[in-house]
Amino acid sequence: MLNGHFILPVYIDLAATFLFGLTGALAALKRGYDWVGLFALAFATAVGGGLMRDGIFLVQGPPAVAKDSRYILVILASTVVGFLFREHAIRFNKVIAWLDALGLGAYAVVGVQKSLNADLSVAGAILVGVINASGGCCLRDVLVRQEPLVFKPGQFYVLAAVSGCLLFVFLTLQAGTPVMTAALITIGATFVFRVLAIQFNWKTSPVWQEPTDQSPTGSAGGAAKA
């Protein structure tokens with residue numbers, strides 16, 4: 001358990017919900033979805049990770065999105081804003097990515113904190129924190145029948161969430177840092193790490209690639225056949 005009770009200020013949670021919802025709305029617009037599809041994809045991206053956390057791991061009653069109507073209103077706002085600024089979305093891609101990085105750290109902290117307070121193990125809390133932070137993006141990709149981007153080589157995203165979860169656990173359980181202070185440090189550090197990854201294009205690489213057959217035997221065989 002944490003030595004103290006930490007509740008993320010709701011305006012940070014709502015801001016992260018809006019930003020993730022906006023990325024889902026833009027993905028829906030690029031695919032020509034109608035208003036139902038637009039809202040559904042924004043909803044899944046914005047709160048998908050939280051729904052996985054509450055529905056699969058914690059199971060402590062209705063999730064926040066069902067208890068506080070502000071979450072639905074914020075997701076509706078993200079769909080409208082996405083629609084209104086759809087033609088200018090490319091210009092704001094980097095800004096949205098940077099603000100998304102702030103939400104990534106916030107969701108990671110919330111997932112870990114809720115898990116530790118629910119008596120999950122440290123490893124389990126880190127897992128739930130990562131799912132809370134990146135689950136919405138994964139669910140968005142599945143709904144549009146696309147390989148989840150978090151599974152493929154690309155700029156550090158899940159790694160940034162993992163780093164944030166580990167840092168929060170270390171600060172609260174090992175270093176004895178007050179929970180609110182640890183949360184702010186973690187959110188800031190995760191944000192910086194993610195922004196640096198965007199700025200300098202730090203990327204993961206494939207675990208393994210199937211070798212290409214470039215043996216001279218194959219060429220010779222082809223020449224002989226010809």
Side-chain angles (χ1 to χ4, degrees), residues 6-27 41-54 57 63-65 71 74-75 78 82 89 92-116 125-142 148-172 179-204:
F6 167 69
I7 300 176
L8 187 72
V10 69
Y11 61 85
I12 295 180
D13 199 8
L14 291 172
T17 299
F18 174 83
L19 293 167
F20 285 140
L22 184 58
T23 64
L26 293 175
L41 206 56
F43 180 89
T45 309
V47 297
L51 291 174
M52 292 180 196
R53 176 200 69 212
D54 296 337
F57 296 97
V65 67
Y71 287 92
V74 162
I75 297 170
S78 71
F92 301 128
N93 272 352
K94 181 166 285 190
V95 174
I96 291 173
W98 284 22
L99 295 175
D100 174 87
L102 186 62
L104 185 72
Y107 276 165
V109 165
V110 170
V112 172
Q113 179 268 329
K114 286 181 177 291
S115 301
L116 291 175
I126 292 171
L127 172 64
V128 174
V130 173
I131 291 173
N132 197 151
S134 58
C137 295
C138 186
L139 184 58
R140 175 199 64 205
D141 294 340
V142 170
L149 292 176
V150 298
F151 294 166
K152 299 191 290 185
Q155 289 176 347
F156 296 161
Y157 192 83
V158 172
L159 184 58
V162 171
S163 300
C165 293
L166 289 170
L167 177 60
F168 184 65
V169 166
F170 172 77
L171 290 174
T172 53
V179 182
M180 180 62 78
T181 302
L184 295 176
I185 291 173
T186 300
I187 292 170
T190 306
F191 172 76
V192 170
F193 184 26
R194 174 64 180 146
V195 166
L196 289 175
I198 295 170
Q199 194 68 26
F200 296 104
N201 200 29
W202 294 343
K203 290 186 175 182
T204 57

In this structure, CG of Leu139 is separated from CG of Leu51 (nearest 0.5 Å) by 8.5 Å

For Ala125 and Val112, the nearest pair of non-hydrogen atoms, with its separation, is O-CG2, 3.6 Å

Using atom types as modelled, flag every donor-acceptor pair under 3.5 Å from a side chain in residues 190-197 to any protein atom, sequence neighbours excluded.
from: Thr190; atom 1: OG1; to: Thr186; atom 2: O; distance (Å): 2.8
from: Arg194; atom 1: NH1; to: Phe156; atom 2: O; distance (Å): 2.8

Checking Ile131, Leu166, Leu116 against Ile126 for side-chain contact (heavy atoms from CB on, under 4.5 Å), the one that qualifies is Leu166

When every non-hydrogen atom of Val109 is compared with those of Ala183, the smallest separation belongs to CG1-CB, 3.8 Å

Scanning both residues in full, the closest heavy-atom pair of Leu167 with Ala189 reads CD2-CB, 3.6 Å

I'd like to know whether Leu127 forms a side chain to side chain contact (heavy atoms under 4.5 Å, CB included) with Phe57, so could you lay out the CA-CA distance, the side-chain angles of the two residues, the decisive distance to 0.1 Å, and finally the verdict. CA-CA 10 Å; Leu127 172 64; Phe57 296 97; 4.2 Å; yes

For Ala182, the side-chain contact (heavy atoms from CB on, under 4.5 Å) test, sequence neighbours excluded, returns Phe168, Leu171, Thr172, Thr177

Note: Gly111 and Ser115 closest approach over all heavy atoms is O-OG, 2.7 Å

Test item: Met52 and Asn132 side chains (from C-beta on) under 4.5 Å apart, heavy atoms: no

Applying side-chain contact (heavy atoms from CB on, under 4.5 Å) to Ala27 and not counting sequence neighbours gives Arg31, Leu41, Arg140

With sequence neighbours left out, the residues meeting side chain to side chain donor-acceptor pair (under 3.5 Å) with Thr45 are none

Residues at least two apart in sequence or cross-chain that pass side-chain contact (heavy atoms from CB on, under 4.5 Å) with Ile75, listed by chain then number, are Thr17, Phe39, Ala42, Phe43, Ala46, Val47, Ser78

Applying side-chain contact (heavy atoms from CB on, under 4.5 Å) to Ala133 and not counting sequence neighbours gives Leu104, Tyr107, Ala108, Ala161

